[in-house]
Structures are given as C-alpha cells and as structure tokens.
Amino acid sequence: MLQLKYIRENKQEVIERLKIKNFDATKIVDELLEADAERRNAQKQLDDTLAISKKLAKEIGMFFKTGEKEKAEEARNNSTELKQKAKELEVSMNKAASKTKELLLEIPNLPHSSVPPGKSEQDNIVVFEEGEIPELGENKVPHWELTDKYKIIDFDLGSKVSGAGFPFYRGKGAKLQRALINFFIDEAIEIGYLEYQTPLLINEASGYGTGQLPDKEGQMYHATEDNLYLIPTAEVPLTNIYRNTILKETDFPIKNVAYSSCFRREAGSYGKDVRGLNRLHQFDKVEIVQIEHPGKSYETLEKMKDHVANLLRKLELPFRILRLCGGDVSFTAALTYDFEVYSAAQERWLEVSSVSNFENFQANRMMLRYKDKEGKTNLAHTLNGSALALPRIVAALLENNQTAEGITIPKALVPYTGFEIID
RNA sequence: GGAGAGAUGGCAGAGUGGUUGAAUGCGGCGGUCUUGAAAACCGUUGACCGUUCGCGCGGUCCGGGGGUUCGAAUCCCUCUCUCUCCGCCA
C-alpha cells in the first residue's frame with residue numbers, strides 16, 4: 001500500500017511512474033484524493049464537535065458535584081444534541097475513510113527507476129548469465145521420465161492420494177529433497193540469517209499484511225471452517241512476524257530464513273509447461289526475508305541477489321538473472337530479479353527464484369516501522385527472495401546431470417545426500 | 001469438545017461510571033557523580049489521525065466490534081485470543 005500522504009504530495013509523479021507498470025492511475029488517484037479530502041473534512045468537523053461535547057460532559061460532572069442541578073440539566077440537553085450530530089459526522093467520516101482505504105489497496109507499488117518498460121516476460125532484461133549448458137546428446141530425456149526410471153518421484157501416486165500437482169518423493173528422491181533444503185538453510189545461516197520454522201496456516205490479517213489478500217485470494221488454499229489459509233510461501237509468516245511493530249534502528253538488518261512447504265492453487269493450464277516438476281500445488285522452498293533501513297534496501301537487494309547466484313553456482317547449474325520489466329513486476333514489488341536455470345532436456349529456462357525489494361509497500365500495510373535517531377517513526381523496507389525453490393532445481397539437476405550410469409550429484413551437495421549418484 | 005478465569009503503555013502491574021492517556025515498579029533515553037563503568041540520585045519516556053511554516057492545539061485508542069450514559073478502561077452484548085481443570089491425542 002502506498003502512503004496516502006505521498007500520493008497527495010506527488011500526484012503527477014505517481015501517475016507517471018505507474019505507467020511503467022502499465023497501470024493507468026489517473027482516474028483512481030483522483031477518486032482517492034477526493035475521498036481523502038472528504039474524510040479529512042468530516043474528521044475536522046467531528047473532532048470539533050467531540051471537543052465541545054467532551055468539555056460539556058466535564059462541566060456536567062462538576063455541576064452535579066457542586067449541586068447545581070439546573071445548570072447540569074441545561075448542559076445535558078445541549079450535550080444530547082451534539083451527540084446526534086457527532087454520530088452523523090462519524091458515519092460520513094468512516095464511509096469516506098473506508099472508500100479511501102479500498103482505493104489505496106488497488107494501487108500497485110511504484111516501480112524502481114531501473115525497472116525497464118515492457119508488457120510481458122519478453123521484455124525482461126537479462127543482466128547476468130553464467131555456466132555452461134551441457135551437451136546431452138540424442139539419448140537425453142526430460143525429468144519426468146528420469147523420475148520414473150529411477151523411481152524417485154511418483155506423480156501418479158500423488159494423483160491417487162491427493163490430486164495432480166502433489167507428488168510423492170521416494171528413496172534417493174526424498175533424500176535429495178532433504179539435502180537441498182539443508183544445504184540452502186546452512187548457506188543462509190553461514191551469512192547471518194536466523195532460521196525459523198513457521199506456521200503453515202495463517203490468518204486473514206497476515207494475508208493482508210504481505211498482500212496475498214484481498215486480490216490474490218484464489219491462489220491460496222482456504223481452510224474455511226477455521227478461516228485460515230495455507231501459506232503460498234514462507235514469506236507470509238516470516239514477514240508478518242513484524243506486523244504492527246516498531247523496531248529500533250539498531251535492529252537492522254533483520255535476516256530471516258525459513259524452509260517450508262508452499263501451497264498454491266494455481267488453477268492454471270495443463271500441458272508441457274506444467275508437466276512434471278514444472279508447476280506443483282505443493283512444493284518446498286527455502287525463503288529469505290530481510291527487514292532493512294530504507295537507505296540500505298537496494299544495497300541489500302544486491303547482496304541477496306549475490307547469495308542466490310552463489311547457491312546456483314555451487315550446484316553447478318547454468319543460470320541467468322533477469323531484471324523484470326514493468327509489466328512483469330508484481331503488484332507489491334518495486335524491483336525484482338528473477339533467476340532462471342537451464343533445463344537441458346526440456347531445452348528451456350525455468351524460473352527458480354525471485355528476489356524483490358518491496359520498499360515500504362508491505363511495511364505500510366502491516367505498520368512495520370522503526371524509530372530513527374531523532375525518535376521519529378518511519379516505515380521500514382522489506383525484501384525477500386527464494387533461496388531456493390526446490391522442484392525446478394531438482395528438474396534441472398536431473399536433466400543436466402543425466403549420464404548413462406545415472407544422475408550425478410554436484411559436489412557441494414554430496415555431504416548432504418550421502419551419495420554421489422542416483423542409479 | 002466440556003467447565004472456569006482473564007486480556008490495561010516495551011514488560012510487570014494498579015485502577016469498577018466524572019480533569020485517568022491511565023498510579024507504581026522494571027526497562028529505555030538524557031543528565032549529575034566517576035579516569036571509565038556499576039551503584040545512587042535527578043529528569044524524561046506510547047501509537048495513530050487532523051490542524052499549523054513551527055511552538056502548539058484538537059480528536060481517537062486500555063484485545064476487536066457493537067450498545068447503555070451528558071460522561072466508560074470501569075456497566076451490558078458479541079467475537080477473537082490466552083490461561084487453569086477435565087476429555088481426546090502426536
């Protein structure tokens with residue numbers, strides 16, 4: 001959520017910058033400012049009315065104490081009238097206030113100045129590329145055949161027990177999952193992240209805090225009986241820890257990491273693009289979150305980007321980093337780097353991580369602030385990234401490392417798997 | 001799931017209808033003392049909204065929502081959460 005005050009004071013700039021996100025804010029900003037003016041006007045009148053009636057109430061108390069019954073009665077009558085007026089004013093103030101809030105929630109975050117214009121993923125800019133794409137020869141097969149061949153992931157069994165997109169991992173496949181999770185967490189801890197295990201179900205307020213609600217409600221599984229949502233990412237609990245809090249400046253940077261299962265309904269298309277591990281309803285991910293001083297958040301974003309790159313490097317996977325264009329940056333993000341690894345049998349790039357700076361957009365929604373040296377409260381900045389999401393990493397590892405003897409495990413991972421080859 | 005108790009400032013904890021946004025203690029911050037620190041002493045210390053160039057002024061907030069009243073942290077209703085006991089259970 002953008003800061004109302006900022007929009008009030010920088011209306012044209014807001015409209016201009018949102019054009020990069022292909023969002024025409026002209027109309028909504030006008031409506032917003034109108035509702036806001038209405039609210040402020042109503043509040044002023046209400047405050048004045050309440051001030052008078054408060055004073056009167058105090059006087060009445062005094063009159064009763066001193067026994068001046070007649071004066072008390074007279075004041076009491078005046079007070080009743082004021083009360084009626086205050087009630088009406090309050091209604092119109094609340095109406096304008098909720099309209100304001102509603103409109104504010106519909107406006108996306110402003111893109112960072114480095115976000116390139118563009119409509120779709122075609123317009124994303126490759127800012128970095130590393131690693132060699134392996135030559136696999138004629139016998140190469142996609143991962144969904146490899147998982148069958150070595151009996152390490154069973155999609156059909158998942159369909160039987162749950163549904164499409166809920167695979168079973170088995171034997172070395174299961175062990176590989178555990179190895180990756182531990183490897184990712186250890187790497188994060190190594191550079192100062194604090195590990196968390198979080199709830200997998202979250203309440204409504206948390207969904208609003210990070211922006212999954214109200215607009216992306218359909219993406220989450222909803223346990224209606226208890227009105228709880230299954231987390232689509234550990235970002236939600238990990239960031240909501242700080243909902244409604246005021247940090248000290250010395251608390252920065254806050255670096256949290258958590259492994260969790262993630263649940264996404266993604267009632268999307270079926271076919272080649274979503275085959276095998278490419279898109280699942282339940283998957284595993286290690287997520288990193290940082291809460292940072294506004295002056296340092298972009299520096300921190302770069303560090304997070306480097307951290308993710310380092311993980312891919314250690315896994316010996318060819319990867320590239322994209323700077324997302326305006327049309328592809330999410331509603332809540334100001335700047336996003338996507339990481340893609342090359343899956344050599346599918347012969348395509350697969351998105352495995354997304355690292356974003358949300359600036360104060362989430363913080364404003366969840367009232368995450370800090371006190372600066374002068375004692376003033378300001379909004380903090382939030383950042384997060386996948387480090388990393390497992391399924392597509394597994395897909396790429398299986399495909400890229402397939403040999404006649406079996407699937408080889410990258411050196412960095414062997415201490416975690418305890419085996420060097422899946423055969 | 002059943003029965004009961006409770007929810008007050010960063011924390012602990014007073015306060016049951018009339019200058020109580022809230023005693024007191026701890027913590028935090030500033031100062032005195034000290035070579036420095038501790039102790040002691042003094043002072044200070046909530047958030048949000050509106051208004052003002054600013055000092056300031058006004059309003060709201062004692063778990064959330066609603067009600068009674070001229071007036072509510074204090075009374076009533078409701079929801080949520082926490083704790084204790086019982087039941088069930090990894």
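All values below come from the heavy atoms of this structure, side chains included, with hydrogens, waters and symmetry mates left out. Reminder, nothing fancy here: chain letters follow the sequence lines and each chain counts from 1.
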Indicate whether OP1 or OP2 belonging to [N] is found under 4.0 Å from a side-chain N or O atom of [X].
{"X": "K54(A)", "N": "C70(B)", "result": "no"}
{"X": "T377(A)", "N": "C48(B)", "result": "yes"}
{"X": "R369(A)", "N": "C48(B)", "result": "yes"}

- Inspect the contact between K305(A) and E302(A) and indicate whether a charged nitrogen and a carboxylate oxygen are less than 4.0 angstrom apart. yes
- State whether K149(A) and E145(A) are salt-bridged, where the test is any N-O pair (Lys NZ or Arg NE/NH1/NH2 against Asp/Glu carboxylate O) under 4.0 Å. no
Taking the [atom1] atom of each, how far is [N] from [M], in whole Å?
{"N": "G66(B)", "M": "C29(B)", "atom1": "P", "answer": "39 Å"}
{"N": "C57(B)", "M": "G63(B)", "atom1": "C1'", "answer": "31 Å"}
{"N": "G21(B)", "M": "U80(B)", "atom1": "C1'", "answer": "25 Å"}
{"N": "A14(B)", "M": "G25(B)", "atom1": "C1'", "answer": "11 Å"}

Nucleotide opposite [N] in a Watson-Crick or G-U pair, distances under 3.5 Å:
{"N": "U19(B)", "result": "none"}
{"N": "G71(B)", "result": "none"}
{"N": "C41(B)", "result": "G31(B)"}
{"N": "G9(B)", "result": "none"}
{"N": "G4(B)", "result": "C83(B)"}
{"N": "C48(B)", "result": "G59(B)"}
{"N": "C89(B)", "result": "none"}

- Evaluate whether atom CD of E13(A) has more than 12 neighbouring non-hydrogen atoms of other residues, nucleotides or ligands under 6.0 angstrom away. yes
Using a 4.0 Å heavy-atom cut-off across all strands, classify [X] as base, sugar-phosphate, or nothing.
{"X": "I60(A)", "answer": "base"}
{"X": "K5(A)", "answer": "nothing"}
{"X": "S53(A)", "answer": "nothing"}

Output the rounded distance in Å from [atom1] ([X]) to [atom2] ([N]).
{"X": "I202(A)", "N": "U80(B)", "atom1": "CD1", "atom2": "C1'", "answer": "17 Å"}
{"X": "L89(A)", "N": "C49(B)", "atom1": "CG", "atom2": "P", "answer": "21 Å"}
{"X": "I52(A)", "N": "C57(B)", "atom1": "CD1", "atom2": "P", "answer": "18 Å"}
{"X": "K55(A)", "N": "G59(B)", "atom1": "NZ", "atom2": "C1'", "answer": "14 Å"}
{"X": "M93(A)", "N": "G59(B)", "atom1": "CE", "atom2": "P", "answer": "14 Å"}
{"X": "K58(A)", "N": "G21(B)", "atom1": "NZ", "atom2": "C1'", "answer": "11 Å"}
{"X": "Q45(A)", "N": "G58(B)", "atom1": "CD", "atom2": "P", "answer": "19 Å"}

Residue [X], side-chain atoms from C-beta onward, closest of [options]:
{"X": "M367(A)", "options": "C48(B), U68(B), C70(B)", "answer": "C48(B)"}
{"X": "K83(A)", "options": "G59(B), G71(B), A47(B)", "answer": "G71(B)"}
{"X": "I246(A)", "options": "U60(B), A47(B), C70(B)", "answer": "A47(B)"}
{"X": "L50(A)", "options": "G46(B), U60(B), G58(B)", "answer": "U60(B)"}

- Task: Tell me whether the guanidinium CZ or amine NZ of K172(A) lies under 6.0 angstrom from the six-membered ring centre of F419(A) and within 45° of its axis.
- Result: yes
- Query: Side chains of Y193(A) and E187(A): donor-acceptor distance under 3.5 Å anywhere?
  - Reply: no
- Query: When the ring planes of Y370(A) and H293(A) are compared, do they come out parallel, tilted or perpendicular, using 30° and 60° as the limits?
  - Reply: tilted
- Item | CA sep, side-chain torsions, deciding dist, call: R39(A), D36(A), salt bridge (charged side-chain N to carboxylate O under 4.0 Å, His left out) | CA-CA 5 Å; R39(A) 191 212 99 230; D36(A) 175 46; 3.2 Å; yes
- Message: Looking at D47(A) and G59(B), is any side-chain donor or acceptor paired with a base atom of the opposite kind under 3.5 Å?
- Response: no
- Please list residues of residues 30-44 of chain A whose heavy atoms come under 4.0 Å from any atom in RNA chain B, ordered by number; otherwise none. R39(A), R40(A), Q43(A)
- Can you pull the ring-ring contact (aromatic ring centres under 6.0 Å, His included) pairs that have at least one residue in residues 208-251 of chain A, sequence neighbours excluded? H222(A)-Y229(A)
- Approximate separation, where rounding is to 0.5 Å, of S353(A) OG and R392(A) CZ: 11.0 Å
